[in-house]
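Take a look at the structure set out below.
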Amino acid sequence: MTAARVRAAFTDAGVTGRLHAVDLDQPDREVSVGADDPVVLASVFKVPLVVSLHHSTHDLTRRITLGQDRSTGPTGVGGMLDPVTMSLRDLAYLAITVSDNAAADALMDLVGTDDVNRTLRDLHLTRTVVVHRARDFMRTMAEDAAPAELPAALTDPVVLSRLRALNPDHTNRGTARDLTTVLRHIWQHDDCAPIRHTMARQVWPHRLASGFPFDDVRVAGKTGTLPTIRNEVGVVEYPDGGRYAVAVFTRSASTAFTLPQADAVIGTAARLAVEHLR
Amino acid sequence: MDLLRHLRYFLAVAEELHFGRAAARLHMSQPPLSQSIQRLERELGVRLLDRDARHVALTDAGRRILTEARGLLAGEDRLRALAERFRHGEAGSLRAGVPPDLGGRAVAALLPAFRRRSPVELKLREIGTAEQLRALADRSLDVGVLRFPFDVSWLSLGPVLTSPLGVLLPRDHPLTAAPDVRLADLNGLALVLFPRATAPALHDEVLTTCARHGYTPAEVHQAGNPEFALGLVLAGGAVALHDGVAPPADAVWRPLRGTPLLWRTSAAWPRGRQTPAVTAFADAVTEVLTAQGMRHAEGTLPRYPRPAAEYLS
């Protein structure tokens, strides 16, 4: 019943979607819509990255300098012009709160994909794999789109049908169920307390949080975005102690960059699932 | 056991009645051929051949089984030949979907255009984009003709063709005085559009484009039937979108200035499932729709992704 309503909400918003929602304190209570289908993580890969960082021996107060050859992006250090020196934990803060590609890739260069994947295997997650950094899947998009030019080419459906970055076989991938397992780990493990704090400070209001417009409900999350792909994974906490991990991965039919309804349905679908679990 | 292979060896021995000559004909040496016959006899539980130092002869069982073996092997040959023809796209049928609003003339042209390109039988079904996507996913359709937008991540696409949209107006409407109409001029008129549930993404895209060009209709009538849409236009106070191909005689069709609204259409099939028949169908669709006035998509608008896009700076 709930699954059918979630599917109908996805269809009505012009997207196909996968969702997994689980009660953090009663993990046998769950809602699943394609929860085991392979999906493209996009910037959601930054969540397992910071988990791996917090379990590593790196001193998180150590400061490193990001020079001008760093990765680029529209937000955070990725959008700045000059060299930046910052602690590892502040880089993690920017990677999560504003999806800073430069900060995330600098951390990935330190931690390495092998360690991130080892962290995932320690959680018995075999279908979630991180194979490259933000700058690497950005590079494949430019290569695959050529000779068409970015960003306009990224609204051309023929170009999108050939992008490796949108194919789970060729980029960072996972499943909705795997990602709620990562969230459960973050909400249970003491090492990960700073990640809980940081995810609750994510700036974007348009996806998961939009489904819970209640001042007394906390939403902590991390988005992921690529052409036609809109994702968010997060935890919703009610004042009565109810805590729910939700992972939503969508693909829109429309190739437009700006699709408020496709963003909002992530919140709507999550609320339908959480209402069922409560 | 690979029964057919052993039967083929048995056939050679039975026809030659000599292991050496049979082995030569099969381009193999004699010991494995003898072993093969022994294995076949063990598998079937009967002796097929009487052999001594100088002679090989069929047993009664061997003679009868030889007849059956010939039938089986001929069947295998036919099966492999048929598979080969399918592989080269020369046999079988192609299940193709076309949208209900493609128009009778286009459908009539599509069949001969396909037949010129492929000997395969074409089975056409008239179904909308959403249903075609479901049918392509569950493999009950081989190829479709789809109207954008739809999730292309698992599909391969033929050329994208566009047809610019205009509006249907009542005969006596003042806007019919000009050769074309600006979207912004339509303010005050309701918009007649296909039901949102049939294609939510396209429905929203049309309304967003209207808004971008200064037209935010106060009311959107959802009409599934072109006659009903026409009725609402003729009653006054509403416009309907139309591609201008054979517009209804009671109304007046005018193009939109700057062609802000386009239907975009292409053939599509599941990635990795392209056969020569699929290619022939995609080419036929392109030929027919181009002849009908549709054009290859060209040019893109400037695009300004916002920071929430996360990946473009």
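Note on naming: letters A, B, ... go to the chains in the order of the sequence lines (proteins, then strands), and numbering restarts at 1 for each one. As the structure is a computational prediction, the values presented were derived from the model and not from experiment.
Counting heavy-atom pairs under 4.5 Å between each of A:V158, A:L226, A:T75, A:T228 and chain B puts A:L226 at the top. Interface remark: of the candidates A:S252, A:A134, A:A13, A:G224, A:G224 forms the most heavy-atom pairs closer than 4.5 Å to chain B. Between chain B and the residues A:T258, A:T223, A:V40, A:L150, the largest count of heavy-atom pairs under 4.5 Å involves A:T223.
For the atom pair A:N101 CG and B:E310 CD, the distance stands at 8.0 Å (nearest 0.5 Å). The CG atom of B:D151 sits 11.0 Å away from atom OG of A:S161, with the distance rounded to the nearest 0.5 Å. Rounded to the nearest 0.5 angstrom, A:L160 CG and B:L155 CG are separated by 12.0 Å. For the atom pair CZ (B:R264) and CG (A:D156), the distance works out to 8.5 Å, reported to the nearest 0.5 Å. Atoms CD and OG1, from B:E205 and A:T255 in turn, are 6.5 Å apart once rounded to the nearest 0.5 Å.
Using a 4.5 Å cut-off between heavy atoms, A:N167 contacts chain B through its side chain alone, with no backbone atom that close. No part of A:L259 comes within reach of chain B, as not one of its non-hydrogen atoms sits under 4.5 angstrom from that chain. Interface remark: A:T16 contributes side-chain atoms only to the contact with chain B (heavy atom separation under 4.5 Å). With a 4.5 angstrom heavy-atom cutoff, A:S71 does not touch chain B via any of its atoms.
Summarising the local packing, CZ of B:R273 is surrounded by 12 or fewer heavy atoms from other residues, nucleotides or ligands at distances under 6.0 Å. Within 6.0 Å of CZ on A:F212 lie more than 12 heavy atoms contributed by other residues, nucleotides or ligands. Shown here is A:E143, whose CD atom has more than 12 heavy atoms of other residues, nucleotides or ligands within 6.0 Å.
The two residues B:A201 and A:G14 have their closest heavy-atom pair at CB-CA, 4.1 Å. A:A152 and B:R303 make their closest contact through CA-CG, 3.9 Å (heavy atoms, listed as atom of the first residue, atom of the second, distance).
Considering only heavy atoms from C-beta on, B:P200 stays 4.5 Å or farther from A:F10 through its side chain.
Under a 3.5 Å cut-off, the side chain of B:R196 and the backbone N or O of A:D12 do form a donor-acceptor pair.
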